[in-house]
Number of protein chains: 2
Amino acid sequence: MSQPITAADKTFIALRDDIVEGRIEAGSKLSETELSTKFAVSRAVIREAINRLESCHIVERKANVGARVVALSPQGLIELYQVRESLEGMAARLAATNMTDEEIADLSALLQSHFDEVKGGESYYQEAGDVDFHYRIILGSKNKHLISMLFDGIYHLVRMYRVQLGMAEPRVTTAYDEHKHIVQAILNRDAELAEMLMRRHILYSKNSIEHKLL
Amino acid sequence: MSQPITAADKTFIALRDDIVEGRIEAGSKLSETELSTKFAVSRAVIREAINRLESCHIVERKANVGARVVALSPQGLIELYQVRESLEGMAARLAATNMTDEEIADLSALLQSHFDEVKGGESYYQEAGDVDFHYRIILGSKNKHLISMLFDGIYHLVRMYRVQLGMAEPRVTTAYDEHKHIVQAILNRDAELAEMLMRRHILYSKNSIEHKLL
DNA sequence: ACTTGCTATATTGTCGACAACTTGGTGTTA
DNA sequence: TAACACCAAGTTGTCGACAATATAGCAAGT
């Protein structure tokens, strides 16, 4: 679903954004009738949107009772990063063998442009750049399941934690070096190393967040 | 959803089984009206079931066109095993630290009962025993996302490949030893080793299947 | 013969109403 | 007072009908 077509598509995305960005607060109940008036669509559309959100683990639903936005907890964030470490590690491994030379060149260029920003004093890691970097490697894995699990599922949840626990990624310059080494490994087609470096990169990230949180 | 409650639950499970067991053939189109008469429920229920199947990657859907059962391909199976290797590896790693002593004892007992069967000449690995072993380790990870990704998503697809490409797991006795070593690593609380052994176990499995397929 | 555009048909998407269920409150009884 | 049964209000689950969209077939024109 690259482009939202049906009303259910649009409602799903709108509702997801409302939740991820915190306009609907974590842990709160989702009333179907209430939402259907808010978005000016029928309950059927709302129900489909909520079903999809449940598949993303953004809401939880009990039969005949209703749906609630997931509650955010330090434990939940840790579990999320464990999955990320596992999946993105594998993505980097696969990317090292499956990315085309051209894609790798593009990735290097992206990294270079990041370097210029760092040099220019702008703190590395506003989120956009970081996300873009990870996106390309995940896509580079060419593995459908990996791509959809991370893009449709994990990443929105990660962002939800970032926004709502209010932590802009703090590890400014070290992360750049880590990215650089990962690209180097991919350039060398060293799958083993690419995976290891990516896993450590995400593990560091997790530890840093964990440290600030507990 | 441990117990199916609503009509949509039951229909979802029934339809999923029909697909996984091959009674509805891979790649075929799913007509909503047709299914609604077959299962004697309204189209709304069918639509919800299909939506859930889409979340599991068992069907693919295009807006205003309809849903098709996924097509099975060697490439698809390989991608599936790549994800399995990644996720179950992490599950084993986490299980090594998160399983209780009691759970580990139960796991050892299960393995012992498998050993007795092997000794008794029944070929190790009818599917049930193998699946049970992996289930316990995945549950032992205590990671909600891992558990649901593997149980709700990957495993049904893996089974679909097994059934429809007609391959009962062939690696009779070697797999038992691999299981034994994994349990030993968990018993020693050696997370690193448990992950590595589990990954190799799944990788071997993949190679064996791949070899038979290509 | 090949393309183009229309139409008929069938399928999916959306809606509003009704049925089934949960929940909180009330009243009765031990 | 505590426990139980029951009722009422509100929510979710299911249904059948209607609207919007895609597809196949036919007709006309080049």
Side-chain angles (χ1 to χ4, degrees), chain A residues 1-19 23-71 148 152, chain B residues 1-19 23-71 148 152:
Chain A
M1 193 206 351
S2 52
Q3 203 71 356
I5 304 290
T6 69
D9 290 341
K10 295 173 200 161
T11 306
F12 163 62
I13 291 175
L15 188 53
R16 185 182 64 190
D17 283 3
D18 277 357
I19 293 173
R23 291 186 290 274
I24 296 177
E25 76 177 332
S28 63
K29 184 167 189 327
L30 295 178
S31 160
E32 294 182 0
T33 53
E34 187 183 326
L35 290 172
S36 77
T37 61
K38 174 177 172 184
F39 288 100
V41 292
S42 78
R43 267 186 57 223
V45 173
I46 296 293
R47 281 176 66 80
E48 179 165 343
I50 290 181
N51 275 330
R52 292 199 211 167
L53 289 173
E54 191 190 8
S55 308
C56 307
H57 301 267
I58 289 178
V59 312
E60 289 167 345
R61 158 175 260 197
K62 277 199 296 191
N64 288 311
V65 174
R68 308 192 77 86
V69 178
V70 294
S148 108
D152 299 337
Chain B
M1 196 208 342
S2 49
Q3 202 73 354
I5 304 290
T6 69
D9 290 341
K10 295 174 201 163
T11 306
F12 163 62
I13 291 176
L15 188 53
R16 185 182 63 191
D17 283 3
D18 277 357
I19 293 173
R23 291 185 291 273
I24 297 177
E25 79 178 331
S28 64
K29 184 169 188 325
L30 295 177
S31 159
E32 295 182 0
T33 53
E34 186 183 327
L35 291 172
S36 76
T37 60
K38 173 177 173 185
F39 287 100
V41 292
S42 77
R43 268 187 57 224
V45 171
I46 295 293
R47 281 176 66 80
E48 179 166 341
I50 291 181
N51 275 329
R52 292 199 210 168
L53 289 173
E54 190 190 10
S55 307
C56 307
H57 301 269
I58 289 177
V59 313
E60 287 168 346
R61 157 174 260 193
K62 278 199 294 189
N64 288 313
V65 174
R68 308 192 76 85
V69 178
V70 293
S148 107
D152 299 338

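Proteins get letters first, then strands, A, B, ... in listed order; numbering begins at 1 in each. What's counted below: heavy atoms across the whole structure, side chains too, no hydrogens, waters or symmetry copies.
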Separation between [atom1] of [X] and [atom2] of [Y], rounded to the nearest 0.5 Å:
X       : Y       : atom1 : atom2 : value
B:Ile19 : B:Leu15 : CD1   : CG    : 4.5 Å
B:Glu48 : A:Glu48 : CD    : CD    : 9.5 Å
B:Asn51 : A:Ser55 : CG    : OG    : 8.0 Å

Rounded to the nearest Å, what distance is computed from the [atom1] atom of residue [X] to the [atom2] atom of nucleotide [N]?
X       : N      : atom1 : atom2 : value
B:Asn64 : D:dA24 : CG    : P     : 15 Å
A:Glu32 : D:dT12 : CD    : C1'   : 6 Å
B:Glu48 : C:dT12 : CD    : C1'   : 17 Å
B:Arg61 : C:dT12 : CZ    : C1'   : 8 Å
B:Ile5  : D:dT14 : CD1   : P     : 11 Å
A:Ile50 : D:dT11 : CD1   : C1'   : 12 Å
B:Arg47 : D:dG16 : CZ    : P     : 16 Å
A:Arg43 : C:dA19 : CZ    : C1'   : 11 Å

Inset, instruction - May I have the step-by-step check of side chain to side chain contact (heavy atoms under 4.5 Å, CB included) for A:Leu35 and A:Thr11, ending in yes or no? - result: CA-CA 10 Å; A:Leu35 290 172; A:Thr11 306; over 6 Å; no

Inset, instruction - Check whether any side-chain N or O of A:Lys29 sits under 4.0 Å from OP1 or OP2 of C:dT22, and answer yes or no. - result: no

Inset, instruction - Give a yes/no on whether any side-chain N or O of A:Ser42 is located under 4.0 angstrom from OP1 or OP2 of C:dC15. - result: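 A:Ser42 to C:dC15 OP1/OP2: side-chain N or O found under 4.0 Å.
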
Legend entry - Donor-acceptor contact present, side-chain B:Arg43 to main-chain B:Thr33, <3.5 Å: no

Inset, instruction - Consider the side chain of A:Ala7, meaning its heavy atoms from C-beta on, and name the nucleotide among D:dT14, C:dT14, D:dT21 that approaches it most closely. - result: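 Selected nucleotide (nearest to the side chain): C:dT14.
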
Inset, instruction - Indicate, with a heavy-atom threshold strictly under 4.0 Å, whether A:Ala44 touches base, sugar-phosphate, or nothing. - result: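 The answer is base, as A:Ala44 lies within the cut-off (heavy atoms under 4.0 Å) of a base atom.
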
Inset, instruction - Map A:Thr6 and A:Ala63 onto DNA chain C by nearest heavy atom, then report which one ends up closer to the 5' terminus. - result: A:Thr6

Inset, instruction - Let me know, please, whether B:Gly66 or A:Val45 comes out on the 5' side of the other along DNA chain C by nearest nucleotide. - result: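 Of the two residues, B:Gly66 wins.
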
Inset, instruction - Select from A:Leu30 and B:Val65 the residue whose nearest nucleotide in DNA chain D is closer to the 5' end of that strand. - result: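 It is A:Leu30, whose closest nucleotide lies nearer the 5' terminus.
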
